[in-house]
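Please read the structure below before turning to the comments.
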There are 2 protein chains.
Amino acid sequence: MILTKTTEYAVRVLTFMASQNEDLFSAKYIHKQLNIPYKYLTRLMTDLAKHGCLSSIRGRQGGFKFTKKLSDISLAKIIEAVEGMDSFNACILGFDECSSDNPCAMHYVWEKNKAEFIKTLENTTLDDINHFKVTRF
Amino acid sequence: MILTKTTEYAVRVLTFMASQNEDLFSAKYIHKQLNIPYKYLTRLMTDLAKHGCLSSIRGRQGGFKFTKKLSDISLAKIIEAVEGMDSFNACILGFDECSSDNPCAMHYVWEKNKAEFIKTLENTTLDDINHFKVTRF
DNA sequence: CATAATTACTACACAAAAGTAGTATTTATT
DNA sequence: AATAAATACTACTTTTGTGTAGTAATTATG
């Protein structure tokens, strides 16, 4: 597995929102559009709001919206908000410390791919993704 | 998360065995050396044997050993035996089908890294790893 | 002011992964 | 033949991630 289910949801929600020409989105609406379990989704979005990926507005006619620029929200930030980037920064074999000085069996192999991947996650923002071809959320 | 805990164990066990100048290894010995829960380990190793990564020898003085060449056992094979390479081949956002024709939001971003990573997993064998610097198993 | 529609919170239920325990089976040693 | 040491199998327990349910708090609308 690469991303947890919850992170999948988070990315789908945020990229979807970014792709629509709307300001405010209710959890109910997103639930219907993306078919993500409603209650689980509300908790996730509240969480994303707490981590600064979104702003939430309570009460009737409330919902969620971006207040940050889309170009300031990277995939790495989203992942960090949900499962944490440690999933990727940490040693792939689970050792507490792992470095070129004291490497695990996969250190060398994973080193390069990891650096590339993390760089991509850090450099790719919702704004970038908005310019890609995406046919499903 | 990249690899499941069980896959971590599998890689640690096999790379460790490959690094030692021994023919036969008991689960008990590996448990002591690598500090992996004994019962869980025996099940895993039996499983690895069933998938052809190892051969098992029952009875007193029994144990596990390689019968294939180390250069024939790739990381991809090990992962396939435990969690399955689908973890990596499948769409990173969990869609059943995902292609350049019908891409998810991360398709483009993950495409290149994924290809690289999988190629590395397929091309790197226990024999290769044996030639790397590894200080911990 | 009452109601309705929304987010926020809390507790529980379910499922999958990880770990534990006990027994059966096999085979070398005595 | 009996014992000991190993793998093989099966069932159970624990932990974690995912999903469900109900209620509280907030705020626009009538």
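So that the names make sense, note that chain A is the first sequence line, chain B the second, and so on, each numbered from 1.
When distances run from any side-chain atom of B:Pro37 to the nucleotides C:dT6, C:dG19, C:dC9, the shortest one goes to C:dG19.
Here the C1' atom of nucleotide C:dT6 and the NZ atom of A:Lys39 are 11 Å apart, to the nearest Å. Straight-line distance from the CG atom of A:Asp47 to the P atom of C:dT7: 15 Å, rounded to whole Å. Across the protein-nucleic acid pair, A:His31 atom NE2 and C:dT7 atom P stand 12 Å apart, rounded to whole Å. Atom C1' of nucleotide C:dT7 and atom NZ of A:Lys50 are separated by 11 Å, given to the nearest angstrom. Put simply, NZ on A:Lys28 is 13 Å from P on C:dA4, counting in whole angstrom units. Distance B:Tyr38 OH to C:dA18 C1': 18 Å, rounded to the nearest Å. Rounded to whole Å, the distance from CG on A:Asp23 to C1' on C:dT6 is 16 Å. Straight-line distance from the CD1 atom of B:Ile36 to the P atom of C:dG19: 10 Å, rounded to whole Å.
The closest side-chain heavy-atom distance from B:Val134 to B:Thr15 is not below 4.5 Å. When side chains are defined from C-beta on, B:Tyr40 does not count as touching B:Lys5, because their heavy atoms never get closer than 4.5 Å.
A:Val109 is connected to B:Val82 through a chain of hydrophobic side-chain contacts under 4.5 Å among Ile, Leu, Val, Met, Phe, Trp and Tyr, so both are in one cluster. Both B:Ile129 and B:Phe66 are part of a single hydrophobic cluster, where members link through side-chain heavy atoms under 4.5 Å apart.
Judged as a ring-ring contact (aromatic ring centres under 6.0 Å, His included), and not counting sequence neighbours, the contacts of A:Phe88 are A:Phe117. Not counting sequence neighbours, the partners of A:Phe132 by the ring-ring contact (aromatic ring centres under 6.0 Å, His included) test are B:Tyr108. Checked against ring-ring contact (aromatic ring centres under 6.0 Å, His included), A:Phe16 has the following partners two or more places apart in sequence or in another chain: A:Phe137.
Within 4.0 Å (heavy atoms only), A:Tyr29 reaches no atom of the nucleic acid at all. In this structure, A:Ala49 reaches neither bases nor backbone, as no heavy-atom distance under 4.0 Å exists between it and the strands shown. Across all strands shown, A:Thr42 has no heavy atoms under 4.0 Å from either base or sugar-phosphate atoms.
OP1 or OP2 of C:dG19 has at least one side-chain nitrogen or oxygen of B:Tyr9 nearer than 4.0 Å. Between B:Thr6 and C:dA18 there is a side-chain polar atom (N or O) within less than 4.0 angstrom of OP1 or OP2. OP1 or OP2 of C:dA8 has at least one side-chain nitrogen or oxygen of A:Thr46 nearer than 4.0 Å.
End-to-end axis angle of the helix from C:dC1-D:dG30 to C:dT30-D:dA1, using five pairs per end and rounding to 10°, comes to 10°.
The 12-atom threshold is not exceeded at CG of A:Asn35, counting heavy atoms of other residues, nucleotides or ligands nearer than 6.0 Å.
Using a 3.5 Å distance cut-off with no hydrogens or angles, the side chains of A:Asn102 and A:Ser99 do not pair a donor with an acceptor.
Interface limits on DNA chain D: the 5'-most and 3'-most nucleotides within less than 4.0 Å of chain B heavy atoms are D:dA4 to D:dA11.
Side-chain atoms of A:Arg43 and base atoms of C:dT7 include no donor and acceptor less than 3.5 Å apart. For B:Lys5 and C:dG19, a side-chain-to-base donor-acceptor distance below 3.5 Å is absent, hydrogens and geometry of angles not being considered. Between the side chain of B:Arg58 and the base of C:dT27, no donor-acceptor pair of N or O atoms lies under 3.5 Å.
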Query raised in the report: Taking it one step at a time, do A:Ile30 and A:Met45 satisfy side chain to side chain contact (heavy atoms under 4.5 Å, CB included)?
Result: CA-CA 10 Å; A:Ile30 292 189; A:Met45 295 186 75; 3.6 Å; yes

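Within the 3.5 Å criterion, the main-chain N or O of B:Asp72 finds a donor-acceptor partner in the side chain of B:Lys77. Of the possible polar contacts, one joining the A:Glu80 side chain to the A:Met85 backbone as a donor-acceptor pair under 3.5 Å is found. Judged by distance alone, the side chain of A:Asp128 and the main-chain N or O of A:Thr125 form a donor-acceptor pair under 3.5 Å.
Scanning residues 59-69 of chain B for heavy-atom distances under 4.0 Å to DNA chain C yields B:Gly59, B:Arg60, B:Gln61.
The residue among B:Phe25 and A:Leu3 whose nearest nucleotide of DNA chain D lies closer to the 5′ end is B:Phe25.
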